Amino acid sequence: MELSKITGQFTESIIRDMTRVALQHPGSINLAQGFPDFPAPESIKQAAIEAIQKDMNQYAVTWGITALREAIAAKALRHNHIKADPGKNITVTCGATEGMMVSLRAIINPGDEIIVFEPFYENYGPDSLLSGAKPRYIRLQPPDWSFDFDVLKKAFNAKTKAIVINTPNNPTGKVFTEEELRFIAGLCLEYDAIAVTDEIYEHIIYDGSRHVSIASLPEMADRSITINSISKTYSLTGWRVGWAIACERITREIRKVHDFMTVGAAAPLQVGAAFALSLGEEYYRWLAEFYRQARDTLYNALLETQLQPYKPAGAYYIMCEASDYMRQHQLPNSLELAYFLIKTIGIAAVPGSSFFSVPSCGQFQIRFCFCKSPDTLQKASSYLAKIAKTRGAV
Ligand SMILES: Cc1ncc(COP(=O)(O)O)c(C=O)c1O
């Protein structure tokens, strides 16, 4: 019996697979999947605990409890200059993951094209296929991960329904500049396309870079879907609470898909999320500084190795070029490199191939995450010293 032709076109997540590989190697450090190994803020956990103790055990309103949608609206105005009506423009989802899936399903018709920057967060490939869209990929070029404006302009055409933006970006750490976003916005207006933007790393940003939401640019409020979640900003990846902000017309469709896909996100955790979103600016300043130090620790350790790291401007990942090291150890591709690193130095990372539509385009790259405690990163640095430039021990 033939099963789905669509699911046959993609594999399970390599990122999450690398976590399983790490678990098979006791003592290894998982710098593959992006989740923190330190606790979330106590006050947020307490808010969710109290909700459970008050017997908040039943389905929440499908598009999210009112308190959370109000908190999202307030935060979007404060941090993103987006005006959102909690009743009309916000859908609470099971993480940004569901937010992206329901958003694409809500706007795509068979044959529509969507534009995706690559290297990309690996979910966007299956998201596009499952929504029936034909993706067109635009390359972000190292070292600054910029893109060619002319190439992007040529990719837009009458079939273009949407462009997926992820800023700050996973895996590259790129933070899209206002100039780039204005250019993209101009193309969306010219071709009647929607900007679907994943901004879950908005507060994890370094060296004076500035996060801009494309929805805040002139005429973009009605043609943007802004996706976010509590996973990265508040170190709560397992709670599965996210959201999508869009104009009323698009939100109506998003809510329908969401209703039948998941009914809703966990009710008591939405209470915790509402509390999280009310934290003051001090929290966000602490977060950015905490991750700047983490980035510097891992980046400096990688600089001493045979891998060549690109310094990220945002998010919590470092992409590296590994061609010299791979040649030396006769490793044919980045998947073999990832297995080799976990076996020989005890660090799990993600093969670059999983971030490209044509996997061989990332065959000499590898990504490490640094959303870990200072102790873990110190330990990881000592493991990385095994492949130090001068020693060449491994
Ligand atoms: C760019 C990006 N979007 C979405 C997600 C998943 O978000 P969530 O946990 O909110 O579903 C990740 C997780 O690593 C990510 O890097």
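Atom set for the values below is all heavy atoms of this structure, side chains included, hydrogens, waters and symmetry mates excluded. Worth saying up front: this structure is predicted, and the values here are computed from it rather than measured. Residue numbers run from 1 in the order of the sequence given.
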Is it true that a side-chain atom of [X] and a backbone atom of [Y] form a donor plus acceptor pair closer than 3.5 Å?
X: Gln270; Y: Ala265; answer: yes
X: Thr251; Y: Cys247; answer: yes
X: Asn89; Y: Asp85; answer: yes
X: Gln365; Y: Ser334; answer: no
X: Asp17; Y: Ser13; answer: no
X: Ser229; Y: Ser231; answer: yes
X: Tyr206; Y: Ala315; answer: yes
X: Ser216; Y: Ser213; answer: yes
X: Thr160; Y: Ala162; answer: no
X: Lys232; Y: Gly34; answer: yes

Shortest non-hydrogen contact from [X] to [Y]?
X: Ser128; Y: Leu104; value: N-CD1, 4.2 Å
X: Pro351; Y: Ser354; value: O-OG, 3.0 Å
X: Val271; Y: Met56; value: CG2-SD, 3.3 Å
X: Ile52; Y: Asn57; value: O-OD1, 4.3 Å
X: Cys94; Y: Gly264; value: SG-O, 3.7 Å

Measure centre to centre between the rings of [X] and [Y], then say whether the value is under 6.0 Å.
X: Phe38; Y: Phe290; result: yes
X: Tyr234; Y: Trp239; result: no
X: Tyr137; Y: Phe120; result: yes

Any side-chain heavy-atom pair of [X] and [Y] under 4.5 Å:
X: Gln293; Y: Pro374; result: no
X: Leu302; Y: Cys320; result: yes
X: Ile90; Y: Trp63; result: no
X: Ile165; Y: Glu199; result: no
X: Arg295; Y: Tyr316; result: no
X: His258; Y: Met101; result: no
X: Asn166; Y: Tyr124; result: yes
X: Val350; Y: Pro171; result: no

Interatomic distance, Ile387 atom CD1 to Leu307 atom CG [nearest 0.5 angstrom]: 4.0 Å
As an exercise, state the distance from CG of Asp222 to CG of Leu189, rounded to the nearest 0.5 Å. 10.5 Å
State whether a side-chain donor-acceptor pair under 3.5 Å links [X] with [Y].
X: Asn30; Y: Thr19; value: yes
X: Tyr325; Y: Gln308; value: no
X: Thr376; Y: Ser373; value: yes
X: Ser353; Y: Gln363; value: no

Please determine if [X] and [Y] form a salt bridge, counting it only when a charged side-chain N lies under 4.0 Å from a carboxylate O.
X: Arg249; Y: Glu253; result: no
X: Lys161; Y: Glu113; result: no
X: Arg255; Y: Glu248; result: no
X: Arg367; Y: Glu122; result: no
X: Arg292; Y: Asp207; result: no
X: Glu98; Y: Arg105; result: no

Under the 6.0 Å and 45° cation-pi test, does Arg139 pair with Phe147? no
Any chance you could lay out the salt bridge (charged side-chain N to carboxylate O under 4.0 Å, His left out) test for Lys153 and Asp150, step after step, and finish with the verdict? CA-CA 5 Å; Lys153 191 172 168 51; Asp150 286 336; over 6 Å; no
Let's go through Arg285 and Glu281 carefully: what are the C-alpha distance in whole Å and the side-chain angles of both, what is the deciding distance for salt bridge (charged side-chain N to carboxylate O under 4.0 Å, His left out) to 0.1 Å, and is it a yes or a no? CA-CA 6 Å; Arg285 275 194 293 274; Glu281 293 312 306; 5.5 Å; no
Quick one, Glu304 with Lys389, criterion salt bridge (charged side-chain N to carboxylate O under 4.0 Å, His left out). Give me CA distance, side-chain angles, the key distance, then yes/no. CA-CA 6 Å; Glu304 298 299 316; Lys389 268 179 198 146; 6.0 Å; no
Looking at [X], I want to see if its [atom1] is surrounded by more than 12 non-hydrogen atoms of other residues, nucleotides or ligands under 6.0 Å.
X: Phe260; atom1: CZ; answer: no
X: Lys45; atom1: NZ; answer: yes
X: Glu219; atom1: CD; answer: no

Applying salt bridge (charged side-chain N to carboxylate O under 4.0 Å, His left out) to Lys75 and Glu202, what does each step give before you reach the verdict? CA-CA 12 Å; Lys75 185 178 180 306; Glu202 64 172 335; 2.6 Å; yes
By the definition ring-ring contact (aromatic ring centres under 6.0 Å, His included), identify the one residue from Phe176, Tyr317, Tyr291 that meets it with Tyr201. Tyr317
Apply the test side-chain contact (heavy atoms from CB on, under 4.5 Å) to residues Thr297 and Ser381: give CA-CA distance (whole Å), side-chain angles for both, the deciding distance (0.1 Å), then the verdict. CA-CA 8 Å; Thr297 303; Ser381 302; 3.8 Å; yes
Run Met18 and Gln33 through side-chain contact (heavy atoms from CB on, under 4.5 Å) and show every step you take. CA-CA 7 Å; Met18 290 316 295; Gln33 195 179 355; over 6 Å; no
Parallel under 30°, tilted from 30 to 60°, perpendicular over 60°: which one fits the rings of Tyr284 and His79? perpendicular
